[in-house]
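Since we're looking at a predicted model, the values are computed, not measured. Side chains included, hydrogens not; waters and symmetry mates left out as well; all remaining heavy atoms used. Proteins come first, then strands; the chains are lettered A, B, ... in the order of their sequence lines, and each starts at number 1.
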Amino acid sequence: MFDAETKKALLEEFFSENREALGRIEKGLLKLESQPDHRELIHAIFRDMHTVKGNCRMMGFSRLEELTHKAETVLDLMRDEILFMSQEIGSSLLGVVDRVRKTLQIIAKSGSEGEADFSATIQELEGFVTTPQPEPSREKILKEDQVDAAKPDNPSDPIEITLEDAAETPIQRPTKSSKKTSTKVSSQAVPEASTQTPSVVATSQPSSNSKNTPPATSSLAEEDTTGTCAPIESVRLSLDRLDTLMNQVGELGASFNQLKYVLAKHPDQVDQILELHSKQIHWLQDEVIKYRLQPIGRIWDQYHRLVRDLAVETGKKVVLDLAGEETEVDRNVLVSINELLGHLIRNAMDHGIESPEERVRQGKPAEGRIDLRAEQKHGQIFLEIRDDGRGIDPKEVLAKALDTGLVTHEQSLEMNKPEILKLIMVPGFSTARQISKISGRGTGMDVVQSALNKVGGTITIASTSNAGSTFRMSIPQTMAIVPALLISDSGETFAIPQVNIVELASFYGDDIKTHVEGKMQFPMVRFRDKLLPLIPLQRLLRRDGPERNGLRECERIHAATSLHVAILQTQDSLFGLEVGVILGHASLLIKPINRIFSHIQILAGTAVMPDGRISFLLNVPALLHGVEERDHP
Amino acid sequence: MDKKKALIVDDSSLARMMVRKFFSDGFEDWDLIEAKDAMDALEKIEGQFLHLALIDFNMPGMNGIDLAEKILEKQPGIAIHLVTANIQERMQLRAQAIGIGFIKKPISREKIIAAMQEQTK
């Protein structure tokens with residue numbers, strides 16, 4: 001019917017439209033569970049399912065068409081208030097979303113829907129439909145050939161949705177102004193619905209088929225990102241922006257030709273052209289990075305679903321509250337953030353939030369809370385996930401760490417509470433009273449640490465017994481091209497991200513003595529009337545650092561003829577870093593650090609210098625911790 | 001001679017794309033106006049003279065048959081076809097009463113040609 005190119009374009013549209021519709025259906029269903037009487041929402045979900053069905057038919061995917069048609073039938077009956085939203089129906093319809101997504105991925109890979117078998121899901125959906133209803137008139141409406149035309153000839157129908165309604169329906173894509181959304185998730189079925197709908201377990205799911213079609217909940221717990229991460233794989237660019245880029249690339253080409261000409265004819269004017277050239281390149285870099293930034297809300301959407309399914313699975317009640325969805329992050333960083341937030345949410349659901357009974361016994365509301373916040377400051381993303389669960393017991397953590405030999409008795413005496421809490425991030429550690437399939441066997445938290453290391457982020461943990469835990473993370477907004485200050489020390493070149501730099505200061509001769517003093521056995525630098533900790537980079541770099549004694553370090557600094565200090569800021573502190581030589585500024589293309597060195601927390605990445613040598617990007621927040629670890633072994 | 005004008009109204013972008021492809025390959029003497037819903041359609045056809053309209057039945061906001069009636073009010077005599085998978089009898093009667101044709105989903109080149117031939121009759 002069409003040539004190959006047209007077919008490809010149609011298929012792409014098929015994927016993108018369906019993905020968007022499935023996203024809205026999923027979000028809508030989750031919302032419907034807490035607001036089962038939201039008529040407009042049911043209509044909107046129905047229409048999206050109808051579109052997905054129509055698209056599948058248009059492209060000739062008959063198995064998908066059959067599956068989505070059955071789902072549409074159930075939604076149609078909900079539209080007519082014959083069926084009512086329940087946990088069972090919610091799970092079934094969400095299961096349809098999962099299976100359609102998965103099959104779309106299969107189609108994307110192989111071009112056909114293959115031998116996809118939806119018979120168990122279809123049977124489940126038919127179970128809702130064919131259950132005898134009290135009123136005899138129902139049978140007529142159950143005919144599937146009437147699905148398309150339910151009540152359309154009655155314009156005054158009160159449940160008919162208008163355009164204005166549709167615009168206000170909260171399942172629309174999050175806009176810049178939607179700073180806050182929240183989903184209420186309850187593990188209990190809607191009371192009125194549970195009496196009218198058949199039980200899924202009783203009417204469907206033949207055991208022979210259960211392997212092919214696991215219930216929606218368990219499949220999600222194992223592979224949360226199925227399909228939902230796909231949008232991050234592509235970025236839509238408006239033609240306007242593309243044209244702007246194209247123009248700039250054209251100008252770049254022109255100035256390159258100019259450069260060649262000037263080099264040959266007027267070598268004295270090279271500097272001028274080079275300056276223009278570098279301006280153009282920087283502009284391009286900035287522009288391209290802008291396109292890579294994506295609102296964090298793109299990955300957050302799926303967490304409502306994750307929390308809902310985990311709540312159903314564990315019999316807990318939880319409200320997930322999100323704020324700062326518009327915060328923009330480089331898409332590569334987004335992938336890492338997704339990984340670690342998924343783990344932290346699972347962890348909070350599994351270990352943090354208690355069962356409703358236990359919560360009531362503790363005098364807390366039966367419904368637990370998980371709060372997720374994001375904000376952007378100084379080129380860093382600050383993420384916070386807080387639960388109001390049982391909290392982490394430092395005594396329990398320490399006992400476990402001693403038990404497994406992670407720390408010695410002597411070490412344990414010197415550890416303060418934050419340090420003890422951080423032990424849960426050490427590989428192999430788990431305080432779970434029982435191994436659960438949700439967050440696994442101690443494989444959660446060290447994954448968080450390694451995901452953070454990959455993007456040069458840091459984490460702090462706070463916890464209060466019976467009041468809950470808070471995990472705070474700081475992560476660079478982008479890891480692609482980082483404006484940095486180059487310095488050298490101990491024979492190596494290092495780069496400090498520009499976002500961390502407040503000022504540079506060099507002192508010579510006697511000035512050094514008046515600006516550096518020892519305090520509490522540590523060198524401090526006086527800077528703009530403030531006394532800041534002064535950390536010599538060489539102390540961090542060498543295990544056999546020249547001076548471990550703070551006072552003698554002061555003497556060394558005082559004896560030197562010059563002192564170069566970079567005043568650096570992090571999430572919660574300001575300090576001076578003593579560096580060997582300050583080299584200058586550069587925009588660096590940062591590559592992730594080789595796995596062999598990934599345990600070295602003070603390094604965040606590497607970059608190739610113009611002369612072919614490697615420089616290391618310093619992870620500034622880790623510099624302070626590096627000192628603490630060294631000085632309190 | 002001026003090109004003839006056709007209108008496609010469908011909230012599915014895939015459906016619109018499909019029809020666009022049919023028109024761009026084989027129906028060169030036609031201009032296609034695309035709209036994603038009834039309001040969009042009414043806005044886009046303002047001041048235009050249409051020859052053919054293919055309208056999806058199930059759309060957000062106004063449904064296809066109500067849109068067809070509105071279009072007929074402004075431009076009586078235009079060939080309008082509702083594109084739909086299945087339809088209730090009473091809807092079909094209502095549509096036939098005002099002279100609206102039907103195209104059964106999924107839409108195809110042949111079905112569009114048939115609708116065009118009907119228009120030229």
Nearest 0.5 Å please: distance from the [atom1] atom of [X] over to the [atom2] atom of [Y].
{"X": "B:Ser12", "Y": "A:Asn18", "atom1": "OG", "atom2": "CG", "value": "8.0 Å"}
{"X": "B:Asp11", "Y": "A:Asp48", "atom1": "CG", "atom2": "CG", "value": "8.5 Å"}
{"X": "A:Lys53", "Y": "B:Lys105", "atom1": "NZ", "atom2": "NZ", "value": "7.5 Å"}

Please classify the contact between A:Ala9 and chain B as side chain, backbone, both or neither, with a heavy-atom cut-off of under 4.5 Å.
both

For a quick test of reading the model, state the closest non-hydrogen atom pair linking A:Leu10 to B:Leu14 and the distance between them.
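Heavy-atom minimum between the residues: O-CD1, 3.2 Å.
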
If I compare all heavy atoms of B:Lys21 with all of A:Thr6, which pair ends up nearest, and what's the gap?
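Looks like CD-CG2, 3.2 Å.
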
For the CD atom on A:Glu115, are there more than 12 heavy atoms of other groups (residues, nucleotides or ligands in this structure) within a distance under 6.0 Å?
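Not buried by this count: 12 neighbours or fewer within 6.0 Å.
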
Derivation of the side-chain contact (heavy atoms from CB on, under 4.5 Å) call for B:Met18 and A:Met59
CA-CA 10 Å; B:Met18 189 81 100; A:Met59 302 301 284; 4.1 Å; yes

